[in-house]
S.K.: 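One structure is given below, represented as structure tokens, and several questions about it will come after.
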Amino acid sequence: MLLFRSEETVDRWCEARGPLINLKQLWQLALHWYANRLTVESRRPAADEMVSIFGSIGLTGPFWDPKSDQWK
């Protein structure tokens, strides 16, 4: 787990590593992603569903597009 001491450190990390996800977004992602995992109909979301899930919690851009091969 990474902890940052300043926003400048976060900015430098983002430039080097990619986007951040906050705890609220992570929780929402888990709720959407695993909502039906204990059912017979459970399956991995399709690429378009992934984009929709990510977008609904504010995760947008090429990094969050499963069909993209670009980060920037």
Side-chain angles (χ1 to χ4, degrees):
M1 181 170 147
L2 295 172
L3 297 176
F4 300 103
R5 296 175 189 242
S6 69
E7 288 186 31
E8 291 80 21
T9 305
V10 172
D11 291 339
R12 283 195 311 262
W13 187 88
C14 287
E15 289 173 10
R17 303 282 183 198
L20 290 175
I21 182 170
N22 64 42
L23 289 177
K24 182 178 179 181
Q25 289 171 315
L26 183 60
W27 179 250
Q28 290 300 314
L29 178 59
L31 289 176
H32 289 291
W33 203 266
Y34 297 109
N36 70 348
R37 287 294 185 226
L38 298 178
T39 68
V40 175
E41 299 84 23
S42 178
R43 63 174 178 75
R44 182 179 179 182
D48 291 338
E49 292 171 310
M50 289 179 194
V51 171
S52 177
I53 291 169
F54 296 149
S56 73
I57 58 176
L59 304 174
T60 59
F63 181 86
W64 300 105
D65 184 350
K67 295 184 262 182
S68 173
D69 61 355
Q70 298 179 358
W71 281 39
K72 296 182 181 184

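Residues take their numbers from the sequence shown, with the count starting at 1.
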S.K.: What side-chain donor-acceptor pairs closer than 3.5 Å can you find for residues 49-57, not counting sequence neighbours?
M.R.:
residue : atom : partner : partner atom : Å
E49     : OE1  : R43     : NH1          : 2.8
E49     : OE1  : R43     : NH2          : 3.3
E49     : OE1  : A46     : N            : 2.6
E49     : OE2  : R43     : NH2          : 2.8
S56     : OG   : I53     : O            : 2.8

S.K.: Membership question, hydrophobic clusters at under 4.5 Å side-chain separation (ILVMFWY): are Y34 and I21 in the same one?
M.R.: yes
S.K.: Taking only residues two or more places apart in sequence or in another chain, which ones pass side chain to side chain donor-acceptor pair (under 3.5 Å) with S42?
M.R.: R37
S.K.: To the nearest 0.5 angstrom, please state how far the CG atom of D65 sits from the CG atom of L59.
M.R.: 12.5 Å
S.K.: Apply side chain to side chain donor-acceptor pair (under 3.5 Å) to K24 and list each qualifying residue two or more places apart in sequence or on a separate chain.
M.R.: none
S.K.: Looking at E41 and N36, what are the two nearest heavy atoms and their distance?
M.R.: O-ND2, 3.9 Å
S.K.: What residues, two or more places apart in sequence or in another chain, satisfy side chain to side chain donor-acceptor pair (under 3.5 Å) together with E7?
M.R.: none
S.K.: R44: what forms a side chain to side chain donor-acceptor pair (under 3.5 Å) with it, not counting sequence neighbours?
M.R.: none
S.K.: Linking directly or through intermediates, with side-chain heavy atoms under 4.5 Å: list the remaining ILVMFWY members grouped with L31, chain and number order.
M.R.: W27
S.K.: Report the residues that fulfil side-chain contact (heavy atoms from CB on, under 4.5 Å) with E8, sequence neighbours left out, ordered by chain and then residue number.
M.R.: S6, R12
S.K.: Just jot down the side-chain contact (heavy atoms from CB on, under 4.5 Å) partners of A35, sequence neighbours excluded, or say none.
M.R.: none
S.K.: Can you tell me if D48 has over 12 outside heavy atoms packed within less than 6.0 Å of its CG?
M.R.: no
S.K.: For P66 and A47, work out which heavy atoms get closest and say how close.
M.R.: CG-O, 3.7 Å
